[in-house]
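Read through the structure below, which is laid out as structure tokens, and then see the notes.
Chain naming here is simple, since letters A, B, ... match the order of the sequence lines and numbering starts at 1 in each.
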Amino acid sequence: MTGRPEFGEYAADRSTRLLRTAYLLCRDWATAEDLVQTALTRAWLAWHRIGDDPDPYVYRILANSHVSWWRRRWHGEVPTERLPDLPGPQSTEVEDRDLLWDALGRLGRRERAAVVLRYYADLEHVAIAEILGCSPVTVRSQISRALAKLRADPAVAPIRERT
Amino acid sequence: MSRPHEKEPEMSPIEERLRQVLAEHVAARSAPPDLPDRAERRGRRARRNRRGAGAALAVAAVAAAGLGTLWTPDRSAPAQQVQRVVATPTGVAIPRGEDARPYPPAALHCLRLAHTRSTAADGRKEVRIVVMDCSRQADQRRIDEVEAGLDRTCPGVAERRRDGTNTTIVLRDLPCTDKALRAIGIVVPPSPG
């Protein structure tokens with residue numbers, strides 16, 4: 001395969017960032033690793049067809065696989081030994097982070113994907129639209145809806161008050 | 001794809017915090033060093049499987065085509081591809097039994113042929129010979145042959161109407177018709193009427 005060395009370089013260079021993005025989408029490191037491996041495998045198979053910038057292609061696979069896997073898997077109750085603590089009135093910086101993280105988890109999949117690609121992957125609306133297969137206007141509205149939900153989330157209120 | 005952009009000046013505190021939270025949550029974790037190799041190995045395996053499946057499919061297709069050839073009647077043998085004609089008072093019917101006669105080999109292009117007697121709009125009797133299920137181009141030659149044969153025996157025949165894959169040749173000279181049909185190899189049984 002002619003693109004093989006390029007693929008090796010690309011994968012070595014981007015796998016950490018892809019893994020972190022995948023984790024932010026699915027919130028589970030093992031699933032994130034599977035997602036990245038799937039995305040890179042499919043990118044390798046199509047490497048000769050991918051243009052100069054493989055990022056949109058790989059991110060698209062990542063986002064689509066995340067959505068389709070989520071549909072297929074069980075998302076009901078999961079037993080846990082640890083009960084989450086309720087947020088107290090004197091939240092620390094770490095608690096702020098966790099509160100916002102939990103609130104992010106309550107967003108819809110598409111909204112969370114848009115937020116992650118915008119605020120973690122630092123992509124423009126046009127690029128996000130290309131990845132998610134929708135228009136930039138839709139991306140913009142998804143992000144603003146997600147931010148509105150976060151602002152309205154009661155758990156995020158303490159952060160809002162401090163900022 | 002656009003790269004990291006400059007922070008927008010109007011970024012709200014919650015957006016700033018969101019950016020920090022996302023970065024902090026994943027900062028400690030890196031991809032396993034063998035992840036790209038694993039992906040490539042999986043890709044190679046997938047490609048091998050895909051090619052294997054493609055080859056198997058091709059073999060199956062060739063085998064199916066071979067079997068299909070064996071089971072399909074030989075179209076070059078006239079006795080096996082019989083075209084039939086019958087006289088019927090109305091409509092078009094394809095006969096069975098001893099009235100059926102094999103058509104000359106040249107007729108094998110079209111699947112069916114029949115003729116019927118009827119009264120035209122002007123009150124005159126006519127015989128319509130319908131060559132059915134003929135493709136538009138490939139079988140035009142056969143229709144020309146039929147028409148020419150009829151025309152040779154009964155001059156002044158041939159009004160031709162095309163309707164989809166059927167072609168109707170109209171003959172007005174009834175006494176001559178049977179002779180004409182016989183001349184081109186079509187044996188007509190006596191009309192029930």
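Residue A/V126 does not touch chain B at all, counting heavy-atom pairs closer than 4.5 Å. Proximity to chain B (any heavy atom under 4.5 Å) is shown, for A/Y120, by both the backbone and the side chain. Using a 4.5 Å cut-off between heavy atoms, A/I143 makes no contact with chain B at all. Within the 4.5 angstrom heavy-atom criterion, only side-chain atoms of B/R50, from C-beta onward, approach chain A.
Side-chain N/O atoms of A/T138 and A/S135 include a donor and acceptor closer than 3.5 Å.
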Verdict with reasoning, A/W44 to A/Y57, per ring-ring contact (aromatic ring centres under 6.0 Å, His included): CA-CA 11 Å; A/W44 184 85; A/Y57 187 86; over 10 Å; no
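Using a 4.0 Å cut-off between a side-chain N of Lys or Arg and a carboxylate O of Asp or Glu, B/R45 and B/E40 do not qualify as a salt bridge.
Screening A/T21, A/L19, A/D55 against A/R14 for a side-chain contact (heavy atoms from CB on, under 4.5 Å) leaves a single residue, A/D55.
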